[in-house]
Amino acid sequence: MAVSADVGNGKGLITIDLSNCNLAHSASLIRQACLDGGFFYVINHGIRQELFEELFDRSRTFFQLPLEEKMKVLKNKDFKGYTPLMDQMLDPSKQSTGDCKEGYYIGFEVAKDDPHATKRFFGPNVWPSADKLPGWKQTMEKYYQEALGVGRRVARLIALSLNLEADFFDKPEILEEPIAILRLLHYVDEISKPELGIYGAGAHSDFGLLTLLVTDEVSGLQICKNKDAEPQIWEDVHPLRGAFIVNVGDMLERWTNGIFRSTLHRVLLFGQERYSVAFFLEPGPDCLVECLPTCHSGSNPPKYFPVKYGDYLAQRFKDTSSESSSY
């Protein structure tokens with residue numbers, strides 16, 4: 001749906017078929033997608049439609065709980081658990097309120113006595129009571145592992161598209177022990193009013209390496225392929241049943257010296273509830289992100305200074321938490 005003169009209908013996204021044995025062809029398509037706009041569909045990824053449907057059923061069940069029940073599993077210091085409505089403000093320069101959504105963060109499950117539990121963004125998850133939501137934890141853990149597997153497969157194609165070895169991102173500090181974050185999202189039945197600074201989710205680019213998104217059948221996601229353009233041109237990205245909508249994050253832009261650019265996106269609401277599930281594939285907290293060897297030369301030196309990913313992510317979370325949040 002077009003909401004103003006600066007919103008187009010979109011021209012469709014490139015589709016990557018993970019069942020295709022021709023890896024060079026798939027890597028070429030991914031490179032084209034990442035150079036064009038940083039968003040693409042992924043199909044034939046191996047996750048059953050029944051698991052997607054179970055995932056969304058469980059998500060709806062949680063968000064339909066009374067607020068006092070949801071507040072019992074409030075987000076902790078490692079960003080795991082429930083985030084209330086308006087908790088996040090992704091575009092403070094244009095928003096008058098926080099995003100019209102609530103969410104739930106789930107990370108890699110690490111026991112309290114595990115040595116990794118002391119690392120930032122690791123440690124045990126926060127789970128709703130099994131008495132209230134039987135089977136909920138098991139569904140989320142199953143989907144988490146399957147989405148992580150798909151993300152690693154896509155990352156291997158991206159490595160090939162950059163003339164790297166396919167397993168470049170499989171290193172322990174990158175994707176063998178990543179900060180992979182599953183986030184359930186529920187957008188309320190609000191009507192976005194950009195002129196008043198009211199959005200489902202304000203314009204932003206994602207923080208990490210890749211994001212794998214699945215949504216219900218309600219549209220609302222929009223992308224701006226040229227974030228430096230004035231005025232910005234927004235295009236609709238429509239749901240595709242059974243497919244992931246995948247996009248490049250800020251860390252991949254940094255790694256590639258700006259060759260692959262993370263893409264601004266936002267969510268507009270049209271008076272209808274909307275559910276989506278995002279899987280953020282992030283490097284490990286100790287990963288030093290610096291320009292890839294195939295992305296710089298004497299005439300094209302690195303544009304970004306090296307950064308430790310855990311420090312960077314903590315700052316980004318802090319920057320996008322709504323100041324109006326009070327629990």
Side-chain angles (χ1 to χ4, degrees), residues 13-48 51-52 107-108 121 142-182 205-214 240 242-263 277-296 304 306 309 312-313:
L13 302 180
I14 287 174
T15 299
I16 307 300
D17 184 347
L18 287 189
S19 68
N20 187 345
C21 296
N22 188 338
L23 298 184
H25 177 67
S26 295
S28 176
L29 285 176
I30 279 193
R31 184 175 181 87
Q32 182 182 342
C34 291
L35 292 173
D36 176 56
F39 269 73
F40 51 93
Y41 293 116
V42 168
I43 62 171
N44 293 329
H45 39 65
I47 298 181
R48 296 178 298 107
L51 181 56
F52 284 132
F108 185 75
F121 304 110
K142 179 174 178 57
Y143 180 77
Y144 182 100
Q145 289 300 327
E146 294 205 18
L148 177 58
V150 174
R152 285 171 170 157
R153 291 170 67 190
V154 174
R156 290 176 192 128
L157 291 175
I158 286 177
L160 290 174
S161 80
L162 293 165
N163 297 314
L164 299 166
E165 294 296 325
D167 62 356
F168 179 87
F169 294 112
D170 291 343
K171 297 180 178 69
E173 68 274 17
I174 305 179
L175 294 186
E176 186 176 312
E177 297 178 356
I179 304 173
I181 301 170
L182 174 64
S205 55
D206 291 342
F207 308 155
L209 176 63
L210 293 171
T211 302
L212 285 71
L213 178 75
V214 286
L240 182 63
F244 282 107
I245 301 169
V246 180
N247 65 277
V248 168
D250 294 338
M251 279 300 98
L252 190 54
E253 176 171 335
R254 207 176 178 104
W255 249 319
T256 63
N257 211 23
I259 295 172
F260 291 173
R261 300 190 68 192
S262 57
T263 303
V277 180
F279 188 83
F280 301 103
L281 191 58
E282 324 265 356
D286 297 325
C287 176
L288 186 67
V289 178
E290 54 188 342
C291 188
L292 294 170
T294 58
C295 295
H296 67 89
Y304 307 97
Y309 189 70
Y312 171 86
L313 183 60

Going by the rule side-chain contact (heavy atoms from CB on, under 4.5 Å), which residues pair with Thr263 if we only count those two or more places apart in sequence or in a different chain?
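In terms of side-chain contact (heavy atoms from CB on, under 4.5 Å), with neighbours along the sequence ignored, Thr263 is linked to Phe39, Ile223.
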
Please list, chain by chain and in numerical order, all residues satisfying side-chain contact (heavy atoms from CB on, under 4.5 Å) with Pro293, sequence neighbours excluded.
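If we apply the side-chain contact (heavy atoms from CB on, under 4.5 Å) test to Pro293, skipping adjacent residues, the hits are Leu164.
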
Indicate the atoms forming the closest heavy-atom contact of [X] with [Y], along with that distance.
{"X": "Ala243", "Y": "Ile43", "value": "CB-CG2, 3.8 Å"}
{"X": "Ile14", "Y": "Ala33", "value": "CD1-N, 3.7 Å"}
{"X": "Phe52", "Y": "Gly242", "value": "CE1-O, 4.0 Å"}
{"X": "Gly151", "Y": "Leu210", "value": "O-CD1, 4.1 Å"}
{"X": "Val154", "Y": "Leu18", "value": "CG2-CD1, 4.4 Å"}
{"X": "Ile16", "Y": "Leu157", "value": "CG2-CD1, 4.1 Å"}

Please determine whether side chain to side chain contact (heavy atoms under 4.5 Å, CB included) holds for the pair Leu292 and Asn257, giving the CA-CA distance in whole Å, both sets of side-chain angles, and the decisive distance to 0.1 Å.
CA-CA 8 Å; Leu292 294 170; Asn257 211 23; over 6 Å; no

Side chain [X], main chain [Y], donor-acceptor under 3.5 Å:
{"X": "Ser26", "Y": "Leu23", "answer": "no"}
{"X": "His45", "Y": "Arg153", "answer": "no"}
{"X": "Tyr144", "Y": "Ala180", "answer": "yes"}
{"X": "Thr256", "Y": "Leu252", "answer": "yes"}
{"X": "Ser262", "Y": "Val248", "answer": "no"}

Side chain to side chain, [X] and [Y], heavy atoms closer than 4.5 Å:
{"X": "Leu148", "Y": "Arg152", "answer": "yes"}
{"X": "Val289", "Y": "Tyr312", "answer": "no"}
{"X": "Leu240", "Y": "Ile245", "answer": "no"}

Would you call the rings of Phe244 and Tyr143 parallel, tilted or perpendicular if under 30° counts as parallel and over 60° as perpendicular?
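The rings of Phe244 and Tyr143 sit tilted, inter-plane angle from 30° to 60°.
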
Before you tell me yes or no, could you show the steps for Cys295 and Phe260 under side chain to side chain contact (heavy atoms under 4.5 Å, CB included), namely the whole-Å CA-CA distance, both residues' side-chain angles and the distance that decides it to 0.1 Å?
CA-CA 10 Å; Cys295 295; Phe260 291 173; over 6 Å; no

Please walk me through it: do Met251 and Phe207 pass side chain to side chain contact (heavy atoms under 4.5 Å, CB included)?
CA-CA 6 Å; Met251 279 300 98; Phe207 308 155; over 6 Å; no

Ser205 and Asp250: CA distance, side-chain angles, deciding distance, side chain to side chain donor-acceptor pair (under 3.5 Å) verdict:
CA-CA 7 Å; Ser205 55; Asp250 294 338; 2.7 Å; yes

Sequence neighbours excluded, every pair satisfying salt bridge (Lys or Arg N to Asp or Glu O under 4.0 Å) that has a member inside residues 17-38:
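Listed once each, the pairs are Asp36-Lys225.
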
Looking only at the aromatic ring of each residue, does the gap between the centers of Phe169 and Trp255 stay below 6.0 angstrom?
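They qualify: ring centres under 6.0 Å apart.
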
Count the heavy atoms belonging to other residues, nucleotides or ligands that lie under 6.0 Å from CZ of Phe108, then report whether that count exceeds 12.
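Counting neighbours around CZ of Phe108, 12 or fewer heavy atoms of other residues, nucleotides or ligands fall under 6.0 Å, so no.
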
Please list, chain by chain and in numerical order, all residues satisfying side chain to side chain donor-acceptor pair (under 3.5 Å) with Asn247, sequence neighbours excluded.
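Counting only residues at least two positions away or on another chain, Asn247 forms a side chain to side chain donor-acceptor pair (under 3.5 Å) with Asp206.
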
For Asp286, give me all partners under side chain to side chain donor-acceptor pair (under 3.5 Å), at least two apart in sequence or on another chain.
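Counting only residues at least two positions away or on another chain, Asp286 forms no side chain to side chain donor-acceptor pair (under 3.5 Å).
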
Side-chain donor-acceptor pairs of residues 170-179 under 3.5 Å, sequence neighbours excluded:
{"residue": "Asp170", "atom": "OD2", "partner": "Arg156", "partner atom": "NE", "Å": "3.0"}
{"residue": "Lys171", "atom": "NZ", "partner": "Phe168", "partner atom": "O", "Å": "2.9"}
{"residue": "Glu177", "atom": "OE1", "partner": "His116", "partner atom": "NE2", "Å": "3.3"}

Give the C-alpha distance, both sets of side-chain angles, the deciding distance and a yes or no for side chain to side chain contact (heavy atoms under 4.5 Å, CB included) between Tyr304 and Glu253.
CA-CA 10 Å; Tyr304 307 97; Glu253 176 171 335; 3.2 Å; yes

